Every structure is written in C-alpha cells, then in structure tokens.
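Below are the structure tokens for one structure; questions will follow.
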Amino acid sequence: MRLITGVLMALAQTVLMAVMMQQVDEKYIGRLNGVMMPVFTGMLLIGSGITGWFMAATSIVVVYFTAGTLFLISSFISMKLPLNKAPVQQLEAPAQTALQTDAVKL
C-alpha cells in the first residue's frame, strides 16, 4: 500500500513540477518548490496515518476503492484547470520587446 502511495506521490510531484516550470515565472520557481515540498511530505504522513486508521476500521477493498474514487475525482478536476499553451517567458516576451524598441526610439 505504501509503495503505491509513494509511486502516486512521485507521479503527482513530477507532473506538478513540469506544469510549474512552464506556468510560473522563473524567479518564483524556487520559492514555490520550497513551499510545495514540505506540503507534500506533511500530507504523505497525514495520509499514511489516516489510511492506517481507515484500514483498521474497514477492509483493504474499501480502502482501495476509496483511493481509486478520490484519484478519479482529482483527475477530472485537474483536467478542468486552465493551462496556458505557451510558457510564461514567451507570454512576457512581446511586452519586453515593445519596451526595448521604445527605448531605442528615445
């Protein structure tokens, strides 16, 4: 069970890091990573504790069904997230170019 949880957390972290690298300005990536890593670690510990209690109160079938249901719900929610196709650096590039051409004209 913990192996599956670890694999899913690694997968989620990899996907979130890839999205973060594309969507967040490069000067904020380290700060966001510094916030996300302790949150992931803390939630992994809390989730393991809740899973142990839930497993003792029910059966492993119920635990796996609940985990699968939560995974599907979160997948559907994440599909609805508005993600830009172009990275932040490319979106800001035209504005910087316009400023540079205005500076050259002065």
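All values derive from a computational prediction rather than experimental measurement.
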* **By side-chain contact (heavy atoms from CB on, under 4.5 Å) - contacts of Thr69 (at least two apart)** => Phe65, Ile73

* **Common cluster, Leu72/Leu70, ILVMFWY with side-chain heavy-atom separation under 4.5 Å** =>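 Result: no, two separate clusters.
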
* Are Ile50 and Val39 connected, step by step, through hydrophobic side chains (Ile, Leu, Val, Met, Phe, Trp, Tyr) whose heavy atoms are closer than 4.5 Å? ->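 Same cluster.
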
* Should Val35 and Leu45 be counted in the same cluster of Ile, Leu, Val, Met, Phe, Trp and Tyr side chains packed under 4.5 Å apart? -> no

* Asked: Rounded to the nearest 0.5 Å, how far apart are CD1 of Ile46 and OG1 of Thr41?
  ->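 Those atoms lie 11.0 Å apart.
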
* Asked: Quick one: CE on Met55 to OG1 on Thr66, what's the gap to the nearest 0.5 Å?
  -> 12.0 Å

* Residue pair Thr58 / Val63: nearest heavy atoms and the distance that separates them -> OG1-CG2, 3.9 Å

* Hey, what do you get for NZ (Lys27) to CG (Leu32), rounding to the nearest 0.5 Å? -> 14.5 Å

